[in-house]
Amino acid sequence: MRMSTTLVINPKGGSGKTTVTTNLASYCAAKALAVTVMDYDPQGSSLAWLQLRRPPLARIYAANAAPQRGMRLRGIEMHVPADTRQLIIDAPAGASGLVLQEMLSRADCILIPVAPSAIDIHSTANFIRDLLLAGRIRARNIRLAVLANRVRQSMPAYQPLERFLNSLSLPLLARLGDSDVYLKAAETGVGIFEMDPAASGAEREQFRPVAEWVERQQQPPRADEKIVPLRPRFAQAAFLK
């Protein structure tokens with residue numbers, strides 16, 4: 001079984017990248033899949049979460065890919081154990097240039113969480129458009145999906161974003177509620193699938209489509225499979241309606 005790499009990325013801070021990364025990692029680990037979290041964010045939130053984990057929780061490997069500082073040996077700290085079958089990359093906000101290209105070179109699929117504000121949605125739409133125009137995405141057949149994060153009950157709809165995604169045949173995988181359960185999980189080094197089902201049932205059901213989509217990406221794409229029809233002019237017009 002080959003290693004599959006999932007990149008969790010959004011140029012905006014506060015979109016919930018670490019929440020998605022940690023809960024996806026714990027889901028995979030709970031299924032006895034060897035998983036590594038690679039954290040590119042200088043804040044190291046995913047790595048801090050990993051340090052909180054204790055037996056009997058399933059083991060999750062850590063790789064520190066934050067920019068080089070001081071005497072630390074980035075190449076060594078980025079090591080991914082050979083038995084890893086799921087690598088999950090937690091991208092920093094505002095990633096661009098060589099750092100973005102380095103992450104894309106590793107990715108088999110990309111998860112893009114988006115927060116509910118109009119500014120976040122517009123920024124995310126532009127980021128997706130730029131990704132689809134990048135030659136590496138199309139040449140390597142990297143698959144993309146989007147999930148709505150921190151959804152409030154007063155704002156359940158993401159119509160501008162959904163129009164944009166529909167124009168590109170990209171899935172909106174899930175809507176994750178703005179729940180304190182994720183905060184409690186983060187504070188104790190667990191994922192929602194490792195918590196008491198009675199306390200995290202709703203969150204599990206919301207997150208499950210994300211985890212199952214990533215599981216499907218472990219299968220190599222068919223030679224004739226297309227990711228999305230690239231129609232940037234129409235896509236941009238659909239978003240701006």
Asks: For the hydrophobic clusters of this structure (ILVMFWY residues joined by side-chain heavy atoms under 4.5 Å, transitively), does one cluster hold both L7 and L50?
Replies: no
Asks: Indicate yes or no for a side-chain donor-acceptor contact from N64 to the backbone of E77 under 3.5 Å, with no hydrogens or angles considered.
Replies: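 Between the backbone of E77 and the side chain of N64 there is no qualifying donor-acceptor contact (under 3.5 Å).
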Asks: Sub-3.5 Å donor-acceptor pair from the side chain of R74 to the main-chain atoms of A65, do we have one?
Replies: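 Yes; judged by distance alone, with no hydrogens or angles, the pair exists.
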Asks: Identify whether I121 and L111 are in the same connected component of the hydrophobic contact network (ILVMFWY, side-chain heavy atoms under 4.5 Å).
Replies: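 The answer is no; the residues belong to distinct hydrophobic clusters.
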Asks: Before giving the answer on salt bridge (Lys or Arg N to Asp or Glu O under 4.0 Å), spell out for E162 and R175 the whole-Å C-alpha distance, their side-chain angles and the decisive distance to 0.1 Å.
Replies: CA-CA 12 Å; E162 291 184 44; R175 294 172 173 83; 2.4 Å; yes
Asks: Where is the tightest heavy-atom contact between A30 and A58, given as atom of each residue plus distance?
Replies: N-CB, 4.3 Å
Asks: Checking R129 against N126: is there a side-chain donor and acceptor pair closer than 3.5 Å?
Replies: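 Their side chains do contain a donor-acceptor pair, which is all the 3.5 Å distance test asks for.
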Asks: Please check this pair: side chain of R143 against backbone of D108, looking for a donor-acceptor N/O pair closer than 3.5 Å.
Replies: no
Asks: So which heavy atom on M78 is nearest to which on R106, and how close?
Replies: CE-NH2, 3.4 Å
Asks: Taking side chain as C-beta onward, heavy atoms only, is F193 less than 4.5 Å from R208?
Replies: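 The answer is yes, as the side chains (C-beta and beyond) meet within the 4.5 Å cut-off.
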Asks: Among the clusters formed by ILVMFWY side chains lying less than 4.5 Å apart, do V146 and L132 turn up in the same one?
Replies: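 Hydrophobic grouping puts V146 with L132.
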Asks: If I compare all heavy atoms of A34 with all of D83, which pair ends up nearest, and what's the gap?
Replies: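 Scanning both residues completely, I find the closest heavy atoms to be CB-O, 3.1 Å.
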Asks: Could you tell me the separation between the CD atom of Q86 and the CD atom of Q217, rounded to the nearest 0.5 Å?
Replies: 9.5 Å
Asks: In terms of side-chain geometry, is the basic nitrogen of K184 or E203 positioned less than 4.0 Å from the acidic oxygen of its partner?
Replies: no
Asks: Please report the C-alpha distance between Y27 and V35 in whole Å, then the side-chain angles of each, then the deciding distance to 0.1 Å, and finally whether the side-chain contact (heavy atoms from CB on, under 4.5 Å) criterion is met.
Replies: CA-CA 10 Å; Y27 174 88; V35 56; over 6 Å; no
Asks: So how far is it from I9 CD1 to M103 CE, rounded to the nearest 0.5 Å?
Replies: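 Going from the CD1 atom of I9 to the CE atom of M103 covers 4.0 Å.
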Asks: Step through the shown structure and confirm whether more than 12 heavy atoms of other residues, nucleotides or ligands are within 6.0 Å of CG on L98.
Replies: no
Asks: How long is the gap from CG on D180 to OH on Y182, to the nearest 0.5 Å?
Replies: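 One gets 12.0 Å once the value is rounded to the nearest 0.5 Å.
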Asks: Can you check side-chain contact (heavy atoms from CB on, under 4.5 Å) on K17 and D41, steps first, answer last?
Replies: CA-CA 10 Å; K17 295 182 290 292; D41 194 334; 5.7 Å; no
Asks: Rounded to the nearest 0.5 Å, how far does OG1 of T5 lie from CD1 of I89?
Replies: 6.0 Å
Asks: Check the pair F207 / L176 against side-chain contact (heavy atoms from CB on, under 4.5 Å), numbers first and verdict last.
Replies: CA-CA 7 Å; F207 198 92; L176 307 184; 3.8 Å; yes
Asks: Apply side-chain contact (heavy atoms from CB on, under 4.5 Å) to residues L47 and D90 and explain how you reach the verdict.
Replies: CA-CA 10 Å; L47 299 182; D90 188 359; over 6 Å; no
Asks: Please report the closest heavy-atom contact between Q206 and G177, naming both atoms and the distance.
Replies: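 Of all heavy-atom pairs spanning Q206 and G177, the closest is OE1-N, 2.9 Å.
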Asks: Can you tell me if Q43 has over 12 outside heavy atoms packed within less than 6.0 Å of its CD?
Replies: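 For Q43, atom CD is not crowded (no more than 12 foreign heavy atoms under 6.0 Å).
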Asks: Considering the options E212, E194, E215, which one meets the salt bridge (Lys or Arg N to Asp or Glu O under 4.0 Å) requirement together with K31?
Replies: E215
Asks: Taking all atoms of both residues into account, what is the closest heavy-atom pair of R53 and G189, and its distance?
Replies: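 So the minimum-distance heavy-atom pair works out to CG-O, 2.8 Å.
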Asks: Is a donor on one side and an acceptor on the other found under 3.5 Å between the side chain of E205 and the backbone of G201?
Replies: no
Asks: With distance as the sole test, does S15 use its side chain to make a donor-acceptor pair with the main-chain N or O of P11 at under 3.5 Å?
Replies: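 No: the side chain of S15 does not pair with the backbone of P11.
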Asks: So, does S46 use its side chain to make a donor-acceptor pair with the main chain of D39 at under 3.5 Å?
Replies: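 Side chain of S46 to backbone of D39, a donor-acceptor pair under 3.5 Å: no, none is there.
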Asks: Taking S123 for the side chain and I119 for the main chain, is one N or O donor matched with an acceptor at less than 3.5 Å?
Replies: no
Asks: Please round to the nearest 0.5 Å and tell me the distance separating atom CG of D130 and atom OG of S96.
Replies: 11.5 Å
Asks: If we ignore angles and hydrogens, is there a donor and acceptor under 3.5 Å between the side chains of T36 and T84?
Replies: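 T84 and T36 do have a side-chain donor-acceptor pair below 3.5 Å.
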Asks: To the nearest 0.5 Å, what is the distance between OG1 (T18) and CG (N23)?
Replies: 10.5 Å
Asks: Considering all heavy atoms of both residues, which atom of I88 and which atom of V8 are nearest to each other, and what is their separation?
Replies: CG2-CG2, 4.0 Å
Asks: Does L87 belong to the same Ile/Leu/Val/Met/Phe/Trp/Tyr cluster as Y40, with side-chain heavy atoms less than 4.5 Å apart forming each link?
Replies: yes
Asks: Flag yes if W49 and L24 sit in one hydrophobic cluster, no otherwise; membership is Ile, Leu, Val, Met, Phe, Trp, Tyr, and two members link when side-chain heavy atoms are under 4.5 Å apart.
Replies: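 W49 clusters together with L24.
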